[in-house]
Structure formats: C-alpha cells, structure tokens
Amino acid sequence: MSDTVATPSTATFDQFGLSADILKAIAEQGYTTPTPIQAQAIPVVLAGRDVMGAAQTGTGKTASFSLPIIQRLLPLASTSASPARHPVRALILTPTRELADQVAANVQAYAKHTALRSAVVFGGVDMNPQSAELRRGVEILIATPGRLLDHVQQKTANLGQVQILVLDEADRMLDMGFLPDLQRILNLLPKDRQTLLFSATFSGEIKKLAATYLRNPQTIEVARSNSTAANVTQIVYEVAEGDKTGAVVQLIRERNLKQVIVFCNSKIGASRLARQLERDGVVATAIHGDRSQSERMQALDAFKRGEIEALVATDVAARGLDIAELPAVINFDLPFNAEDYVHRIGRTGRAGASGDALSLFSANERKQLQDIEKLIKRPLDVERLVVDSPVRHHHDERGSARRGRDERDERGSRRRSGGGFERSSGGHAHRQAPIDDFFLKPYEPSPSALSAASARRDETENVPQKPASKQPLAALLGGFGMPRKTTSS
DNA sequence: AAAAAAC
C-alpha cells in the first residue's frame, strides 16, 4: 500500500463515490467543494485505512471522517426497530462536551437521509435520556470518555461491535489526562477495527498512542501544525495588569466588534470579567468548567445566535468549537500553554475571512509571550495601549468607567494604515473586515429525535450480506486481523 | 500556575 495520497484535482463531492443520500445531505448543508483535508481523508477512510490526521479546527475535519464513516456503515443500516439491529459500530471520542455535541449535530445532519442512527453522550447532564437512546440502538456514538465509561458500566453501552473508532483532538485528550480512560475504552473494542486519530500536533505521546493503537496509518496533514493562518492579524497590546478590563472594553468599542471571544486563563477570572463587561454595557457571558452544563450550552447558544457580544471563555472554548468566523478574538491573558494560543486565535480568520487576534500583555507575562513567539517562529508586534477609561473593580459605576462610552477618545492605540482603528473625520471609518458578511449559523443542540418514523416501518429484516457497494463488508469488518499490541511499558 | 472531564 502506498503511503502517498493523490489529491484529487476535481473539486466536488461527487468524486468520492458517496451515496446519493449523503450527497443530498451535503448539498443541504450548502457544501459544494471539499476542503483539503476532506479531499485527502475521505478516500483513505473509505478504503478502510487507519488515519493519523493533523488538522486545525475549521478545516472541515469533522466531515472528513463523518462522511466516509456514514458511507461505510450504510450497508449495515437497518430500518428495523430492534435494538439488536443497531449496535454501536462507530465511536467518536472528543475531549469536551461542547465538541461532542457539535460533532453529533454534524453527524446527524449528514446521516439524516439514511437509516443510520446516532447519539451523543457526555457528562453534566441527566443520564436517563442518553440511556434510553442507547437502548433503542445507535450505529454512531459520539461521546466524552468519562460518561461513556459510565454507560458501559451501567450496561447501556456495548462497544463489542465497534468497527471504526475516531479520536478527535487526541492531543487535547492526553493533555487532559484522559489516557487511562482511553486505554480502558480501547480495551473494550474489537482489536480488528479501523482507527482514525486526529490531533493538532504530533507530539511524542501522540506518536506513541498511534504506534500502540493504529495499524499502518496513513498520515494526512493539511495545515502545518503550530502554524497560524496568514489571514489573521496578530497584535499584542502592552497594558498594565489593572487596565486589562478597560482595555477589553476599549478594543470592543473602538474596533466596533459585534462579537468577540475573550479568553481568560482562569474560571474565576472569566466570570469576573464577564460581570465587569456587563457593568460597562457590553452584553457578555462566561463559559467555563465551573458553570453548569446547561449554562454552558445556553451561553454558547446565545452567542451563536448573536445575542451576546462578548463570550468570555477559558480554554474550554479554545479548541474545536465551530463558531462561524469571528472578526476578532481577544486574549485577556496570554495562555500558559503556547499551543493554546494557536488554538485560541484559530477562532478568528477562518474560511478565508480576515480576522484580528488581539492579545493583552502585562509585565508578568513575558515568559508566555516568549513561548508563543518561539512556537509560531516569529516575533509579534507589541504596541502600547493607553487605556483611557479604566474600569473600577469595586463599586464605581459612574465616573471613569462610564466616560469611556461617551467620549470614546482613542489616544494611544494606533495601527498601521488600513487597520480598524482610525476614525475618518466626523464619522465611522470602515473596518477592513466587512461586518455585513459576518453572520452566525444558528446553533443546533444535538437533536435527539432521530427519524423514528422510518425505523418503525420494516420489521422484516435485511441482514446485510453482500452489499452492492464498492466497499465489501469484509473490508468494512477489517480483513487482516493483525494482532494488536495492547499497551505495555 | 490553569484548564478540562464521571458520579
């Protein structure tokens, strides 16, 4: 088997041999042209090979594995209502709950004209609806590791028939200490299966994981990891620590940012900043791990609907979240982990649009800045930002905090010409990024209601024996039966 | 140092 992938030159989804039901769903999503990772990964996944994929979020990664998985499982799709006809055949693991929900929404959309069922399980919410769905049977299960193991223990999830495993954001899962959970899950799966591992970076740990659990994987790399998109303008503003809140307000006002994600390093800091922004007239809400799952979902939902100007987030939102491209992100703190910087600013300037990554930098963050510059292999422009409306942290609702809104004078922060800051005489300067083009796709939380109607119809079961498709069942089931090392060392 | 994730 060759290790090179020919990137197809034609630019439509027709070239992959996907079924009409899948193509229809793709068209309904408004997608016409495969992204680079889709063009590379779809044929490889369809061919049944293991994949080691490096791709940033926003590159179309989810579709690159979901579409071929659905295609491969189609011969096994059943309209029977019997749960036994709907064992879990594809398992997709993600590090965060929000990401799981989002992947599930995508899978649901792509599979909606097929008889395949999908479900998502993650923690922080009632187990019972999840259990009920699992008992009905689903072919494609999206999950965070902890809750999945919970379901396994409760015997509501059986992973004995999984043929395809996806580890999404694998590096993140390792960072978060999921390795023991992953190993436990992997030990529950048939050894003979297809495994797809996606990771932003190929660290030594990731390579070890791949060496242990993948079989002759095809490496697919689209954007060089640790690279930052060329269409993202990165600016670092030096500002006194105590002026950071005022700086955020000022940046939002001066740049006329309709929507922005503001990243903080701590959960408490995020909550506090959200409150202070609200006090200063910015519609803001916080999203972090100490908020309840329903609060997290509501916050994200409201932000996606455009009801919130500033989503103040910890790194729970740094990776994976598929929010339509934002005009800007702000780093309230520089992240301790330089890689998180790359992920955070990946929330802007996506899909070809331009974006600004604005980072606040105070004297005690020199180390973080150095690490970031080392990682992205270039120095960052540092400008001084004079904050003229410092936000009081106590009970000062009047006075200086309010002055910023009325006067909006912007000494200090000046950029190169063409930037978003300058004011033309007596009116609004035009921003470089056309704000009119910016809209948010409505967020759809995982629809749990599958096409139950069609599941009812046909009780006379057609057990798939010889699928007429290009993917023979034998290939789907694996084929080689190579013994797999279980982890040692 | 901090974040995330099962109860």
Side-chain angles (χ1 to χ4, degrees), chain A residues 57 91-104 120-131 134 141-157 159 167-185 188 199-200 205 241 244 261-274 286-297 299-300 311-321 329 331-344 346-347 359 361-372:
Chain A
T57 311
L91 174 64
I92 301 170
L93 296 177
T94 74
T96 69
R97 299 163 179 175
E98 278 79 5
L99 186 54
D101 201 30
Q102 216 166 247
V103 170
V120 59
V121 301
F122 50 74
V125 295
D126 191 355
M127 271 189 93
N128 291 326
Q130 297 177 354
S131 302
L134 291 174
L141 180 59
I142 300 95
T144 49
R147 179 55 68 93
L148 176 65
L149 285 169
D150 215 345
H151 278 292
V152 168
Q153 216 162 10
Q154 309 277 325
K155 304 250 189 277
T156 44
L159 305 180
L167 301 173
D168 199 8
E169 307 265 354
D171 51 342
R172 179 72 156 179
M173 288 201 270
L174 293 190
D175 286 350
M176 287 167 59
F178 274 143
L179 185 58
D181 282 354
L182 287 185
Q183 287 171 328
R184 230 168 287 153
I185 292 167
L188 297 167
S199 179
E205 278 182 311
E241 183 66 38
K244 280 189 168 183
I261 298 183
V262 186
F263 286 104
C264 295
N265 282 357
S266 74
K267 294 180 277 197
I268 288 176
S271 281
R272 189 186 301 146
L273 178 60
I287 181 168
H288 57 66
D290 274 354
R291 302 203 74 198
S292 73
Q293 195 55 34
S294 70
E295 286 172 325
R296 281 164 61 165
M297 288 165 125
L300 196 56
L311 185 68
V312 187
T314 58
D315 283 317
V316 68
R319 302 193 193 198
L321 286 197
V329 298
N331 286 310
F332 183 84
D333 302 307
L334 290 182
F336 294 117
N337 180 350
E339 273 173 19
D340 283 331
Y341 174 82
V342 177
H343 290 291
R344 288 178 179 188
R347 312 286 89 210
S359 299
F361 161 69
S362 66
N364 58 353
E365 294 177 298
R366 212 156 288 279
K367 168 81 164 65
Q368 284 110 295
L369 184 60
Q370 279 169 1
D371 288 351
I372 290 165

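FYI, side chains are in, hydrogens and waters are out, and symmetry mates aren't considered; it's all heavy atoms of this structure.
Using a 4.0 Å heavy-atom distance criterion, A:G124 is classed as a sugar-phosphate-only contact.
By the side-chain contact (heavy atoms from CB on, under 4.5 Å) test, A:S266 is found to be paired with A:I268, residues two or more places apart in sequence or in another chain being considered. Qualifying salt bridge (charged side-chain N to carboxylate O under 4.0 Å, His left out) partners for A:K367, counting only residues two or more places apart in sequence or in other chains: A:D371.
With rounding to whole Å, A:D371 atom CG is found 13 Å from B:dA1 atom C1'. One atom, NE2 of A:H343, and another, C1' of B:dA4, lie 14 Å apart when rounded to the nearest Å. One interatomic measurement links the two molecules: CG of A:N337 to C1' of B:dA4, which rounds to 13 Å at whole-angstrom precision. In this structure, A:L148 atom CG and B:dA4 atom P are separated by 21 Å, rounded to whole Å. For the pair A:D290 CG and B:dA4 P, the computed distance is 7 Å after rounding to whole Å. We find that OH of A:Y341 is positioned 22 Å from P of B:dA2, with the value rounded to whole Å. One interatomic measurement links the two molecules: CZ of A:F332 to C1' of B:dA3, which rounds to 17 Å at whole-angstrom precision. In this structure, A:N265 atom CG and B:dA1 atom P are separated by 13 Å, rounded to whole Å.
Applying the 4.0 Å criterion to OP1 and OP2 of B:dA5, one finds that A:R296 has a side-chain N or O inside that range. In this structure, A:K267 reaches the B:dA4 phosphate: one of its side-chain N or O atoms is under 4.0 Å from OP1 or OP2. At B:dA4, none of the side-chain N or O atoms of A:T144 fall inside 4.0 Å of OP1 or OP2 (strictly under the cut-off).
Considering every non-hydrogen atom in both A:M173 and A:P95, the closest pair reads CG-CB, 3.6 Å.
Picking from B:dA4, B:dA2, B:dA6 the nucleotide with the shortest atom distance to the side chain of A:R97 gives B:dA6. Minimum atom distance to the side chain of A:T96 is reached by B:dA5, of the listed B:dA3, B:dA5, B:dA6. When each of B:dA4, B:dA3, B:dA6 is scored by its nearest atom to the side-chain atoms of A:S266, the top-ranked nucleotide is B:dA3.
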Pair A:L93-A:D181, side chain to side chain contact (heavy atoms under 4.5 Å, CB included): steps then yes or no: CA-CA 11 Å; A:L93 296 177; A:D181 282 354; over 6 Å; no
Check against side chain to side chain contact (heavy atoms under 4.5 Å, CB included), A:L148 and A:L141: CA-CA 9 Å; A:L148 176 65; A:L141 180 59; 3.7 Å; yes
